[in-house]
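To keep things clear, I will list the structure first and then write my remarks on it.
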Amino acid sequence: MEEKKEFKSRRKRVETQEEKPVSEWKERVIQIRRVTKVVKGGKKLSFRAIVIVGNQKGQVGVGCAKAAEVIIAIQKAIADGRKNLIDVPIFKTTIPHPITGRSGAGSVMLRPAAQGTGIIAGGAVRAVLELAGVENISCKS
């Protein structure tokens with residue numbers, strides 16, 4: 001009599017789900033600009049991205065990068081933002097004292113605010129303060 005031999009696969013399927021580690025860093029794209037460079041053969045098109053990176057625990061950074069594609073420019077800007085981190089002093093849920101920052105002709109005034117006020121700021125300043133972890137502040141550009 002013939003015996004039927006059944007071979008069972010010795011390999012076990014290992015169910016592995018690739019879980020990306022949940023990063024505490026959050027990114028926010030502030031600006032994407034299409035820029036051109038005039039070269040010998042004509043105009044060379046590229047994209048510039050400005051990204052804010054923060055952990056909402058007092059660290060925030062700004063990154064700026066250019067690339068031929070938008071997604072690559074954003075990735076490079078995120079990497080640049082993580083290299084250029086600064087520590088933001090946070091007292092309870094606001095900043096410890098009024099600050100005025102100047103760059104060129106522009107200036108931003110930051111003032112501490114009472115509990116429950118929220119972030120009173122506009123544009124890029126709001127994004128920086130949210131990613132820094134400041135909850136109550138008043139700003140004027």
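Below, all heavy atoms of this structure are taken into account, side chains as well, without hydrogens, waters or symmetry copies.
More than 12 heavy atoms of other residues, nucleotides or ligands lie within 6.0 Å of CZ in R48, so this atom counts as buried by the packing criterion. Open room surrounds CD1 on I71; 12 or fewer heavy atoms of other groups in view lie less than 6.0 Å from it.
Annotation for F47 and A73: closest pair O-CB, 3.7 Å, computed over non-hydrogen atoms. Closest non-hydrogen pair, G61 versus L85, comes out as N-CD2, 3.7 Å. Contact between A65 and A77 at its shortest, heavy atoms only, is CB-N, 3.5 Å.
When atom types are taken as modelled, the side chain of K76 and the backbone of K66 share a donor-acceptor pair closer than 3.5 angstrom. Under the 3.5 Å distance criterion, the side-chain polar atoms of T94 are matched with a main-chain donor or acceptor of A113. With hydrogens and angles disregarded, a donor-acceptor distance shorter than 3.5 Å links the side chain of D80 to the backbone of C64.
Under the salt bridge (charged side-chain N to carboxylate O under 4.0 Å, His left out) criterion, the residue pairs touching residues 128-141 are R28-E130, R126-E130, with sequence neighbours excluded.
Put simply, I32 and V51 are part of the same group of oily side chains (I, L, V, M, F, W, Y) that touch within less than 4.5 Å, one to the next.
Using a 4.5 Å heavy-atom cutoff, the side chains of E27 and R82 are in contact.
Annotation for I86: hydrophobic cluster partners, listed by chain and number, are I30, I50, I52, V60, V62, V88, I90, I95, I99, V108, L110, I119, V125, V128, L129, L131, V134, I137 (ILVMFWY side-chain heavy atoms under 4.5 Å, direct or chained).
The distance from atom CD of E24 to atom CG of N55, rounded to the nearest 0.5 Å, is 5.0 Å. Atom NE2 of H97 and atom CZ of F91 lie 11.5 Å apart (nearest 0.5 Å).
In this view, S107 and R102 satisfy the side chain to side chain contact (heavy atoms under 4.5 Å, CB included) rule, not counting sequence neighbours.
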